[in-house]
Every structure is written in structure tokens, then in C-alpha cells.
Amino acid sequence: MAEQEEQVEAVAQEDENDDNPDYKAPAPKSLDEILQQDKEDESLRKYKEQLLAEAGSGEVIIVDEKNPLNVIVKKLAISVDGREDVEIDLTLPKDKIKESKLVLKEGCRYRVKIFFNVQREIVPGLRYEQKVYRKGVRIDKGVHMVGSYGPKKDLHVYNTPYEDAPNGMLARGDYKVESRFTDDDKKIYLEWEWHLSIKKEFD
């Protein structure tokens with residue numbers, strides 16, 4: 001997969017952090033602490049209010065009481081202009097997700113969409129990461145900075161930048177993709193494996 005220019009710096013930063021044992025992620029904060037922090041900064045205050053718009057006056061939003069995570073990743077979709085999105089249900093068991101194979105036409109422009117809920121707290125620094133393998137060899141790595149999100153009953157949607165699918169006879173075939181949804185604290189909300197098949201035409 002062709003990497004987007006904006007990913008390069010993010011990937012380098014991630015590798016630097018992974019290799020740096022002195023790196024410390026910021027300590028997680030409660031909703032109250034986040035609201036009180038920097039309250040004299042008007043722009044930050046408005047940004048936090050925007051994140052919490054769905055929650056009203058500090059109401060705690062719970063989407064799934066049985067799920068202890070503040071981020072619940074629901075589905076992944078591949079979007080190609082002029083075609084219906086094809087999706088993977090990420091609430092299925094991981095072995096079922098692993099069987100999923102999405103088909104792309106060689107050379108087409110596409111992007112990945114991630115659908116997720118945020119509950120209880122504002123979650124800062126969300127990231128979508130993926131590694132792509134062909135015949136057991138890693139050929140691409142991408143890190144997408146998703147951003148900070150407040151609790152909301154409706155699904156949030158993150159769209160990656162458009163990419164070009166591999167092109168040509170040698171590019172056709174199956175690709176394994178390892179994905180994960182994480183944050184600045186390196187907390188992993190979901191990691192999963194799925195497959196792409198590059199073909200001469202869409203099925």
C-alpha cells in the first residue's frame with residue numbers, strides 16, 4: 001500500500017517512542033480533571049465543550065455498561081468512490097474477523113473507515129495503526145492520528161486519507177492486515193487481523 005505523506009512523520013515518531021524506554025505517556029485524567037484543566041484558556045474550553053456537546057452538562061454517557069473500555073470499536077469499512085462500502089463487523093470473535101477478506105480492484109483509490117463509540121470520559125490521542133503483509137513479509141506500516149473524542153451515544157467515524165491500491169499483475173493476490181485502535185497512553189482498545197484481496201476487477 002502506498003503510504004500517505006502525512007503518515008511518515010507519525011510513523012517515525014511511533015518508532016522513536018517504541019525504541020525510547022524513557023518515553024512516558026501523559027497520565028490519564030478523569031472527566032472532571034479534564035474540564036477543570038486550562039479553564040482560563042477560552043479556545044481549549046470551547047473545544048472541550050464541543051467534545052462534550054452530546055453529554056450536556058457533564059452527564060455521563062454509557063453505551064455498553066458491561067464493557068469497561070471507554071472506546072468500543074464497532075466496525076471497519078473500505079470506501080471506494082462510486083461503490084457501496086464493504087464492512088467488517090469488529091464485534092465478532094477475532095477468529096471470525098480473521099476470516100474476513102475484502103476485495104479491491106488494482107489501482108483503485110480507497111480509504112478505510114473506523115466506526116467506534118466513546119463512553120464515560122473524553123479520550124485523547126486516539127490512533128489507528130495497521131501493518132500490511134504479503135507472503136509473510138511486511139510491506140507497509142501506517143499510523144493515523146484519529147484525535148480526541150468525547151462520550152456520545154452515536155457512533156464516531158474516522159476516515160483515513162485516500163490511498164491507491166497496488167497495481168499490476170504482480171500486485172494481485174492476498175494481503176494480511178494487522179490493525180489496532182489505541183491511544184497516547186498505549187492502551188489498546190482493539191487489535192484484529194483481516195485480509196485484502198487485490199484483483200483485476202471488483203467481484
Side-chain angles (χ1 to χ4, degrees), residues 1-19 71-118 125-149 154-184 186 188-203:
M1 309 295 164
E3 289 188 346
Q4 301 296 314
E5 286 182 9
E6 69 174 46
Q7 295 174 352
V8 174
E9 185 176 346
V11 171
Q13 183 64 45
E14 184 213 29
D15 288 340
E16 180 182 329
N17 290 342
D18 287 345
D19 295 336
V71 178
I72 306 169
V73 188
K74 291 293 187 72
K75 63 181 177 179
L76 173 149
I78 295 285
S79 178
V80 177
D81 287 346
R83 299 184 65 85
E84 286 189 11
D85 291 357
V86 287
E87 300 178 350
I88 298 174
D89 182 352
L90 298 178
T91 65
L92 294 172
K94 286 188 179 181
D95 58 337
K96 292 292 183 187
I97 298 173
K98 191 175 180 178
E99 294 172 4
S100 303
K101 183 182 288 187
L102 304 184
V103 175
L104 284 177
K105 178 183 176 181
E106 61 179 348
C108 75
R109 285 182 62 75
Y110 74 97
R111 64 181 173 183
V112 175
K113 295 181 178 179
I114 305 292
F115 297 78
F116 60 98
N117 285 115
V118 174
L126 289 174
R127 298 143 63 106
Y128 170 63
E129 306 171 1
Q130 69 176 28
K131 298 174 184 177
V132 183
Y133 297 83
R134 178 86 190 276
K135 297 178 180 178
V137 177
R138 193 178 87 184
I139 60 169
D140 184 59
K141 177 180 180 180
V143 179
H144 300 273
M145 300 308 178
V146 176
S148 300
Y149 289 80
D154 297 331
L155 283 169
H156 292 287
V157 184
Y158 172 72
N159 298 292
T160 68
Y162 276 101
E163 297 186 55
D164 295 321
N167 199 6
M169 187 174 63
L170 294 178
R172 295 173 203 155
D174 294 335
Y175 295 78
K176 181 180 81 170
V177 187
E178 294 178 351
S179 295
R180 68 177 182 173
F181 208 69
T182 182
D183 65 18
D184 279 345
K186 299 191 176 181
I188 297 173
Y189 296 102
L190 186 67
E191 51 187 349
W192 68 98
E193 179 184 315
W194 52 291
H195 295 265
L196 272 175
S197 184
I198 305 298
K199 297 189 175 183
K200 190 171 182 179
E201 296 292 340
F202 285 108
D203 284 348

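Bear in mind that the values here come from a model prediction, so they are computed numbers and not experimental data.
Counting heavy atoms from C-beta on, the side chains of Tyr158 and Leu126 never come closer than 4.5 Å. At a threshold of 4.5 Å between non-hydrogen side-chain atoms, the residues Val143 and Met145 count as touching. Looking only at side-chain heavy atoms (C-beta outward), Val177 and Tyr133 stay at 4.5 Å or farther from each other. Side chains of Phe202 and Val86 form no contact here, defined as non-hydrogen atoms less than 4.5 Å apart. You'll find the side chain of Val132 reaches within 4.5 Å of the side chain of Gln130, heavy atoms only. The side-chain heavy atoms of Lys200 and Arg172, taken from C-beta on, include a pair separated by under 4.5 Å. The shortest distance between side-chain heavy atoms of Glu87 and Leu76 does not fall below 4.5 Å.
Looking at residues two or more places apart in sequence or on another chain, you find no salt bridge (charged side-chain N to carboxylate O under 4.0 Å, His left out) involving Lys74. Taking the side chain to side chain contact (heavy atoms under 4.5 Å, CB included) definition, one finds that Asn159 meets it with Arg111, Lys113, Val157, sequence neighbours left out.
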Worked verdict on Val73 versus Ile114 for side-chain contact (heavy atoms from CB on, under 4.5 Å): CA-CA 8 Å; Val73 188; Ile114 305 292; 3.9 Å; yes
Step-by-step side-chain contact (heavy atoms from CB on, under 4.5 Å) determination, Val71 to Phe181: CA-CA 9 Å; Val71 178; Phe181 208 69; 3.8 Å; yes
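Between atom CG of residue Asp184 and atom OG of residue Ser148 there is a gap of 7.5 Å, rounded to the nearest 0.5 Å. To the nearest 0.5 Å, atoms CD1 (Ile97) and CG (Leu190) are separated by 6.0 Å. Rounded to the nearest 0.5 Å, atoms SG (Cys108) and CZ (Arg83) are 8.5 Å apart. Atoms CG and CD1, from Leu104 and Ile198 in turn, are 4.5 Å apart once rounded to the nearest 0.5 Å. One finds the NZ atom of Lys131 at 10.5 Å from the NZ atom of Lys176 (value rounded to the nearest 0.5 Å). His195 contributes atom NE2, which lies 9.5 Å from atom CD1 of Ile88 (distance to the nearest 0.5 angstrom).
If you run ring-ring contact (aromatic ring centres under 6.0 Å, His included) between Phe116 and each of Tyr128, Tyr149, Tyr189, only Tyr149 comes through.
Between the side chain of Glu106 and the main chain of Gly168, a donor-acceptor pair closer than 3.5 Å is present. Checking side-chain atoms of Thr182 against main-chain N and O of Arg127 turns up no donor-acceptor pair under 3.5 Å.
Listed by first and then second residue, the salt bridge (Lys or Arg N to Asp or Glu O under 4.0 Å) pairs involving residues 88-101 are Lys101-Asp174 (not counting sequence neighbours).
Taking each heavy atom of Ala77 and Phe115 in turn, the nearest pair found is CB-CE1, 3.9 Å. The two residues Arg180 and Trp192 have their closest heavy-atom pair at CA-CZ3, 4.0 Å.
With a 6.0 Å cutoff to the six-membered ring centre and a 45° limit on the axis angle, Arg134 counts as a cation-pi contact of Tyr175.
Donor-acceptor pairing under 3.5 Å is lacking for the side chains of Asp164 and Tyr110.
Ion pairing between a basic and an acidic side chain is recognised when a charged N comes within 4.0 Å of a carboxylate O; Glu201 and Lys105 show such pairing.
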